[in-house]
Asker: 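Have a look at this one before I ask anything.
Every chain is numbered from 1, with letters handed out A, B, ... down the list of sequences.
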Number of protein chains: 2
Amino acid sequence: MNRNKRAPSEVHNDQRTAILAKSEALFAGRGFPSTSMNDVAEASGLSKATIYHYFSDKEELLQTIAETHVSRLLAVVKLVEREDYPPDERLRQLILGFMREYETAHDAHRVLTEDVRFLESGARAAILAKERKVVAAFANALAAIRPELRSAKLDKPLTMFLFGMINWMFTWVDAKGPLSYEDMAELVTDLFFGGFSQVHHGRQPGKENPK
Amino acid sequence: MNRNKRAPSEVHNDQRTAILAKSEALFAGRGFPSTSMNDVAEASGLSKATIYHYFSDKEELLQTIAETHVSRLLAVVKLVEREDYPPDERLRQLILGFMREYETAHDAHRVLTEDVRFLESGARAAILAKERKVVAAFANALAAIRPELRSAKLDKPLTMFLFGMINWMFTWVDAKGPLSYEDMAELVTDLFFGGFSQVHHGRQPGKENPK
DNA sequence: CCTACCGATCGGTAGG
DNA sequence: CCTACCGATCGGTAGG
């Protein structure tokens, strides 16, 4: 019934979503600068002019992909924070939530971490502001578990090491490998929890070797 | 004395080294695909034709930079292995050696981790083979400390998490920040040593939830 | 939603 | 005849 009479906005939306999905895969695979708008058009089965009907330029594709993904990461953070877990469980849930997001949005995550630097400064700043909120949420959970780390100003660096472990995964994780993302989440969690509890908390940045 | 009579090969070598240094900085800053040979020529203060006198094409620049750097990393590995440290000290020294290399070869390291994927498959394979040797050296040191990790096939994943912490640093470390690279090396070492000793060693990949 | 294009710039090479 | 280069421009393709 009404098979030939979908609302135009619905078609419009499908088309737009398809273009974004194809762009995401292309950017993740060969990088933003090496992907041409002809590549995007061909992969989408549309003319280049049609792509430009939905997006004003190549950067807008990148910006939309990055913005959508970082907003989803922020949503994961807010979902966890609403649960009122004790601090250590909050950090565990943040890690688990990110690993799950990573699994379902592998390409978008890669675009976010590798290609955002090609945005002009205004658009880039907006993305980076949201990324900073995400980092702050993790650092807060860590500081709630071990407040000495914050007074020693080690909460941010340690959080960045955690993000390094997670964000670097796309370079080596084999989806068909023996380790599932749940396994990975458990490994990262054990590694990080075991690790930060060993960091000397008497230490202060730059005051290692008092002369 | 003899100020006007340098050996031609010496001039040649200086010129070549200068081109590589400029390319390295440009590739690290804006990425390989976004750097033009005109950029390289301009930064080097030479004509593009002169660049092509030293290097047959753009890829050869990238290949030389990556090859030189990964060979230097392998040299660090071999230097440490020659010392016959006990296993835990060997891993400590590997981490410290890499952090020092990272400090002095920041740009080259970034090019190695981000741009090698743009090499054609033959040249890329040669680099990746050396990278695999580096990873194996770290994994071996780890397995020598805790052999159960190897039998549980967790030595490689844990090693890759360590590389994640190190390789991700270029995205957030501020050279003028309070933490020196020596501080960073100590932090990463504490974090990793504290962490892997907490990983459940009874675990086997993919056998988490036996049905 | 397409064909037909543009100004500019790409990687690479000519003659001298 | 060689090396170490230069100014100018090639055939194609980029984003738009």
Asker: Pair B:Phe98, B:Phe138 - check ring-ring contact (aromatic ring centres under 6.0 Å, His included), show working.
Answerer: CA-CA 11 Å; B:Phe98 265 55; B:Phe138 277 72; 4.9 Å; yes
Asker: Quick test of your reading of the model: are A:Arg90 and A:Glu83 salt-bridged, counting only N-O distances below 4.0 Å?
Answerer: no
Asker: Over how many whole Å does the gap from B:Asp57 atom CG to C:dG12 atom P extend?
Answerer: 5 Å
Asker: When only distance counts, do a donor and an acceptor, one from the side chain of A:Lys58 and one from the base of D:dG16, lie under 3.5 Å apart?
Answerer: no
Asker: Crowded around B:Lys22 NZ? As in, over 12 foreign heavy atoms under 6.0 Å?
Answerer: no
Asker: Classify the angle between the aromatic ring planes of A:Trp168 and A:Phe170 as parallel (below 30°), tilted (30 to 60°) or perpendicular (above 60°).
Answerer: tilted
Asker: Kindly express the pairing pattern of DNA chain D in dot-bracket notation, using | wherever a base pairs with another strand and counting only Watson-Crick or G-U pairs under 3.5 Å.
Answerer: .....|.|.||.|.||
Asker: How long is the line joining NZ of B:Lys48 and P of C:dC10, in whole Å?
Answerer: 8 Å
Asker: Report the distance from atom CD1 of B:Ile19 to atom P of D:dA4, rounded to the nearest whole Å.
Answerer: 12 Å
Asker: Establish, yes or no, whether the cationic atom of B:Arg100 lies under 6.0 Å from the six-membered ring centre of B:Tyr181 and within 45° of the ring axis.
Answerer: no
Asker: With a 4.0 Å heavy-atom cut-off, tell me which residues in residues 32-44 of chain B come close to DNA chain C, sorted by residue number.
Answerer: B:Thr35, B:Ser36, B:Met37, B:Asn38
Asker: Does B:Arg92 count as lying over the ring of B:Tyr85, i.e. NZ or CZ under 6.0 Å from the six-ring centre, within 45 degrees of the axis?
Answerer: no
Asker: Taking D:dG16 as the reference, what is the distance to C:dA4 when you measure between their P atoms (whole Å, please)?
Answerer: 22 Å
Asker: In whole angstrom, give the distance that lies between atom CZ of B:Phe55 and atom C1' of D:dA4.
Answerer: 15 Å
Asker: Give a yes-or-no answer on whether the side chains of B:Thr50 and B:Ser47 include a donor-acceptor pair shorter than 3.5 Å.
Answerer: yes
Asker: Taking atom P of C:dC10 as reference, at what distance in whole Å does atom CD1 of B:Ile51 sit?
Answerer: 15 Å
Asker: Looking only at side-chain N and O atoms, does B:Thr50 come under 4.0 Å of OP1 or OP2 in D:dC5?
Answerer: no
Asker: Just the rounded figure in Å: distance from P of D:dG15 to CZ of A:Phe118.
Answerer: 13 Å
Asker: May I ask you to check whether B:Glu67 and B:Ser71 show a side-chain donor-acceptor distance below 3.5 Å?
Answerer: yes
Asker: Rounded to the nearest angstrom, tell me the gap between atom CZ in B:Arg30 and atom P in C:dT9.
Answerer: 14 Å
Asker: Verify the contact: side-chain N or O of B:Tyr52 to OP1 or OP2 of C:dT13, cut-off strictly under 4.0 Å; return yes or no.
Answerer: no
Asker: Is any side-chain nitrogen or oxygen of B:Tyr54 closer than 4.0 Å to OP1 or OP2 of D:dA4?
Answerer: no
Asker: Would A:Asp39 and A:Arg30 pass as an ion pair if we require N to O under 4.0 Å?
Answerer: yes
